[in-house]
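Inspection log for the structure reproduced underneath, given as structure tokens.
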Amino acid sequence: MTAQRPLVVVGDALLDQDIDGEATRLAPDAPAPVLDVVADRTRPGGAGLAAALAARQGREVVLVTALGGDSASAAVREALEPRVRLVELPLEGSLPVKTRVRARGRPLVRIDRGGGTPGPPGEAVWAVLRAAGAVLVSDYGRGMAAALRSQLAEAARGHPCVWDPHPRGAHPVPGVRLATPNAAEARAWSAPDRSAGAAAGEDDSLRAHGARGARLAQRWRAAAVTVTLGGRGAILTRAGSGDPMYLPAPYAADGDPCGAGDCFAATAAIALADGGLPEEAVQQAVAEAADFVAAGGVGNPALWTGDAGLADPAGAPPPPADALPHLGSALALAESVRARGGTVVATGGCFDLLHAGHVGLLENARRTGDCLIVCVNSDTSVRRLKGPGRPITPLADRVRVLAGLGCVDAVAVFDEDTPEALLRVLRPEVWVKGGDYSVDALPETAALREWGGQALVLPYLDGRSTTELARRAAGAPARTRP
């Protein structure tokens with residue numbers, strides 16, 4: 001296996017449709033909401049989405065799936081052919097279409113229609129599986145994994161294989177490197193009677209999830225099973241091991257989780273194809289799935305256009321690329337707090353070496369409202385403002401430390417000298433700065449007035465500054481080891 005060999009995704013492609021709108025009234029003839037549609041989008045789903053997400057990570061991807069002559073199959077082909085190589089099985093019937101109807105991002109109903117049966121595989125399927133660098137089975141219970149079971153069993157003996165199972169699908173073939181059920185799927189597969197599913201009150205502890213994963217690893221004869229837990233991260237287990245590894249999400253990613261499991265499985269498969277261990281693959285997958293959700297998930301236009309950033313609905317220019325992994329969470333938080341009548345507070349700065357003065361400012365800022373969003377200068381922004389040698393602490397570490405404070409609810413990143421463009425997206429009711437500024441001297445004050453926001457200046461704790469800390473550290477005598 002070399003890094004140049006493709007990732008082969010095998011599974012059930014679907015066509016996903018989102019109908020979004022506003023529901024502000026009930027129908028006159030029934031107690032049902034009336035949706036005024038504002039957007040109607042279609043995209044590949046199922047294994048098609050997994051393949052598209054894998055292709056965005058820079059690896060050649062081949063998708064083995066069943067497609068027919070119907071309009072849904074044609075739409076999936078058109079969307080995927082510029083991104084992945086398709087190896088098709090004939091589809092007897094029509095491609096399944098899943099439609100989500102949502103009001104302000106909240107689901108009202110899901111409508112499923114269509115469906116077919118995969119036909120026999122040709123020699124091309126054997127050829128791409130033998131040439132794979134790794135194989136990802138994206139099983140949506142529509143028959144592809146069962147139709148290619150013998151080929152997949154052979155592939156799992158020769159290549160790293162990740163199997164993303166479905167309760168209505170086939171269980172993984174022996175020898176897969178990693179299986180990736182979510183918590184509900186692990187419960188269903190672990191239940192004595194799978195048709196009964198899991199009991200509503202079943203144990204949701206990390207210990208219980210780990211025990212289920214270990215049982216499934218033994219039952220499936222898989223090298224490892226990771227049970228994905230949404231915003232909590234994932235548990236990685238092995239057969240017979242009493243010590244599962246817990247890999248928490250790097251931050252709380254608020255957003256549409258649809259497709260996060262596909263993102264997780266695709267990232268893990270690529271990591272294994274590159275020679276990574278399951279532990280490394282799962283750690284990368286947890287982080288990538290969190291970033292995927294925070295950046296807008298399947299609703300992110302960049303997923304299909306290739307653009308670097310997310311377009312702002314109001315028409316403002318997109319925020320800088322390094323803000324995107326965090327902007328989705330911050331924006332969703334701001335909207336949810338405002339929706340319940342709360343006050344959104346924001347503050348900003350470099351936060352290069354977090355010290356007591358910073359913490360005091362952040363704690364006081366949080367007390368002025370119902371949530372606190374911290375706007376952080378990117379590394380390039382800090383370098384322009386502070387000069388060579390800064391920042392001392394890279395962006396990822398600064399974001400992680402800030403997000404770990406109990407008074408901080410979300411973090412967003414900006415690349416300019418001031419956060420004005422970012423504030424126009426977040427639109428906080430209160431903007432807080434520390435130090436001896438006057439409110440009118442703050443460059444952000446004019447922007448706040450555009451939507452009726454207010455700027456406040458809070459005092460810093462005297463004698464604390466990043467510059468002073470850096471000076472003292474540089475002048476400290478070196479310590480010798482005993």
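Quick caveat, the model's predicted, so the values are computed rather than measured. Counting from 1, the numbers follow the sequence of the chain as shown.
No side-chain heavy atom of V84 sits under 4.5 Å from any side-chain heavy atom of V62.
Evaluated for a side chain to side chain contact (heavy atoms under 4.5 Å, CB included) with L136, the options V8, V162, L63, V10 yield exactly one hit, V162. Here the options are T237, T228, D204, the test is side-chain hydrogen bond (donor to acceptor under 3.5 Å, both in side chains), and the partner is H209; only D204 passes.
Residues P428 and L423 share a closest heavy-atom pair of CD-O, 3.7 Å. Shortest non-hydrogen contact noted between S73 and L91 is OG-CD2, 4.3 Å. Shown here for R142 and P118, the closest heavy-atom pair between the two residues is O-CD, 3.7 Å. In this structure, D16 and G45 approach most closely via the heavy-atom pair OD2-CA, 3.4 Å. Contact between G68 and R77 at its shortest, heavy atoms only, is O-NH2, 2.7 Å. Closest heavy-atom contact between G46 and D262: O-OD1, 3.8 Å.
The distance from atom CG of D18 to atom CG of D40, rounded to the nearest 0.5 Å, is 9.0 Å. To the nearest 0.5 Å, atom SG of residue C258 and atom CZ of residue R110 are 8.5 Å apart.
The backbone N or O of L372 sits less than 3.5 Å from a side-chain atom of D409, completing a donor-acceptor pair.
In this structure, the ring of W189 has its center less than 6.0 angstrom from the ring center of W220.
If you check the side chains of Q57 and T267, you find a donor sitting under 3.5 Å from an acceptor.
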| Does the salt bridge (charged side-chain N to carboxylate O under 4.0 Å, His left out) test come out yes or no for D139 and R168, once each step is laid out? | CA-CA 9 Å; D139 188 4; R168 294 199 306 268; over 6 Å; no
| task | Please test D415 against S378 for side-chain hydrogen bond (donor to acceptor under 3.5 Å, both in side chains), starting from the C-alpha separation and ending with a verdict. | result | CA-CA 5 Å; D415 197 45; S378 70; 2.5 Å; yes
